[in-house]
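Here the structure comes first, spelled out in structure tokens, and everything after it is commentary.
First the proteins, then the strands, lettered A, B, ... as listed; each starts at 1. Since the structure is predicted, the reported quantities are computational estimates derived from the model, not experimental observations.
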There are 2 protein chains.
Amino acid sequence: MSQEQTVYSKLRSMILNGDFDAGERLTEKMVCDTLGVSRTPVRAAFLQLAAQNLVIGQSNRGYTVRGITVDDVWGANVVRSVLEGAAAGMLARNGIDEAVRETLERSVEDYSQLARHVELSDGFLEAHSAANRTFHDTIVAETENQSLLRSIETLAYMPVQINRVVFASDRKFATETVQSGMAEHQNVLTALLTGDAMAAELLMRTHSQKALRGIEHVKEVLGLGPEYRQMPFHKFIGGLGISVVAA
Amino acid sequence: MSQEQTVYSKLRSMILNGDFDAGERLTEKMVCDTLGVSRTPVRAAFLQLAAQNLVIGQSNRGYTVRGITVDDVWGANVVRSVLEGAAAGMLARNGIDEAVRETLERSVEDYSQLARHVELSDGFLEAHSAANRTFHDTIVAETENQSLLRSIETLAYMPVQINRVVFASDRKFATETVQSGMAEHQNVLTALLTGDAMAAELLMRTHSQKALRGIEHVKEVLGLGPEYRQMPFHKFIGGLGISVVAA
DNA sequence: AGCCAAAATAATGTATACACTTTTGGGCGG
DNA sequence: CCGCCCAAAAGTGTATACATTATTTTGGCT
């Protein structure tokens, strides 16, 4: 992998894991010394981080880290829900072809299989995540709307997939979420097949918002007050003994 | 202005204006020679263009320009409509404070003033654009959702504001658009003030989609067939004798 | 002591040389 | 004539020196 990508992903995980204070200034030299590379790849990495709003750049004045709060993750998920809902609506309106229908049906079947025996093993979580992602990604991709696709991809650089993290800590919650998720996928698919755009959008949006319930669940498990939304996200998740992203 | 920004904006306008063929490969040296700068600012500019999907980068293989079709602009506007609609819905749900209400009311008033005497002068178009933008931007900004704001900003780098271009070519269409736009702003504002989230979202989305009608209007003026969606956008607009962005 | 200014320091912006990868084109063998 | 391979050319990736802009420190003055 190129050094540019290495620097980028390392900085990204450090920012998300809260290795820097919110608002802390990042100088190029500091990163160069830490990671042992020259300024060129560091500058490139900064530009990418800035494009995703993980750092804030000012001309001639370098970059500062943007602290990621629970509210930021919440907000990103709200946007994702809206966009995925819209994608489902478009697809229902335009109709889906045979191949797509099969892909979605298979993903729903896979999901249903998993819902029968919920485990907390890495293997299960991985399989669940894969089936879920296939369903969501297929719907978005099939709209063939580049802007929609790009917008969601950019959001995905934030830690929006909170469910997987939450699952690991609570079997009962995981079981409920997986089983209701299965039903929701089925309902969305039905709306897509019958061409009911409004239902498809609403059902998909509501389903996508499940991640928000995951956040609320963590809040309750940790017994936090209403001000938890302003917490740094890594501290919030850290309460479960889990880091946001692997290094 | 820094050379990096200069290179970025020049390349951007060249791409949008169709100075490059779709899929054409852009080498760093070529840009350096053309603009008379070194590779460093050029590389930085490429990274920014890639972040906005105006060029496509492959590691060790440079960048190729992504041809912007009418469909791309259409799709970007669809996404913008969805996001602005969602923003209005959120605002209606959360309620708006006094200052915001005043800003929006003033913008609607300004808009109404303009709607009385529609002209095609630069001054009028500028004033109309400003009043319109204030309304839209305020609603988005007041959600205080960074991801939403960022997503829309990124879209804005595509030539989504087609109306201004269309106006210049058709007085009747401009008049109708401005006057119905005024009514739509008023209706959205009413929904915001009464806290009717569903109405606010739907009205705002429908209003934002006006840009799509602008595209369809151009299509009809030019007497194009249904395949016009695949046309390069600059050629589409070029039919009116107008360039996409100023150099 | 406090404040302003100017110099020193540090940081970013830019240019360029070198390293590594990809592409190109020509020669050789089949 | 076609295909393969290797070398030359071109292009991107990285490091580093220099230029320009911000920040800090220091010294003198009030």
Please report, rounded to the nearest Å, how far the P atom of D:dG13 is from the CZ atom of A:R43.
16 Å
A:Q58 CD to D:dT23 C1', in whole Å, measures 14 Å
Can you name the atoms? Protein N/O to nucleotides 16-21 of chain C N/O, anything below 3.5 Å, with the distance.
none

Whole angstrom is fine here: how far is it from CE in A:M30 over to P in C:dT12?
9 Å
Along DNA chain D (nearest heavy atom to each residue), the more 5'-positioned of B:F46 and A:R25:
B:F46
Tell me, with the steps shown, if A:K29 and A:D33 meet salt bridge (charged side-chain N to carboxylate O under 4.0 Å, His left out).
CA-CA 6 Å; A:K29 188 171 188 305; A:D33 294 347; 3.0 Å; yes
Atom CG of A:D33 to atom P of C:dA10: distance rounded to whole Å?
13 Å
Measure the distance from CG on B:L35 to P on C:dT14 and round it to the nearest whole Å.
13 Å
Check: B:F236 ring centre within less than 6.0 Å of B:Y228 ring centre
yes
Ignoring backbone atoms, establish whether A:R61 has a side-chain N or O less than 4.0 Å from OP1 or OP2 of D:dT21.
no
Could you tell me whether A:E84 and A:R205 make a salt bridge, using a distance below 4.0 angstrom between a side-chain N and a carboxylate O?
no
Length of the CD-C1' vector between A:Q3 and D:dA15, whole Å:
10 Å
Test: A:R106 and A:D110 ion pair at under 4.0 Å:
no
Please report the distance, rounded to the nearest Å, between CG in A:L26 and C1' in C:dT12.
14 Å
Sidechain-backbone polar pair: A:N77 side chain, A:V73 backbone, donor-acceptor under 3.5 Å
yes
Nearest-neighbour nucleotide for the B:P41 side chain, D:dT14, C:dT12, C:dT14 considered:
C:dT14
How many whole angstroms separate atom CG of A:L47 from atom C1' of C:dT14?
14 Å
Checking contacts here: which listed nucleotide (D:dT12, D:dT14, C:dA15) is nearest the side-chain heavy atoms of B:T27?
D:dT12
Go through the steps to decide whether A:Q52 and A:Y8 satisfy the test side-chain hydrogen bond (donor to acceptor under 3.5 Å, both in side chains), and finish with yes or no.
CA-CA 11 Å; A:Q52 297 171 339; A:Y8 165 76; 2.6 Å; yes
Decide, yes or no, whether a salt bridge links A:R101 with A:E98 under the criterion of side-chain N to carboxylate O below 4.0 Å.
yes
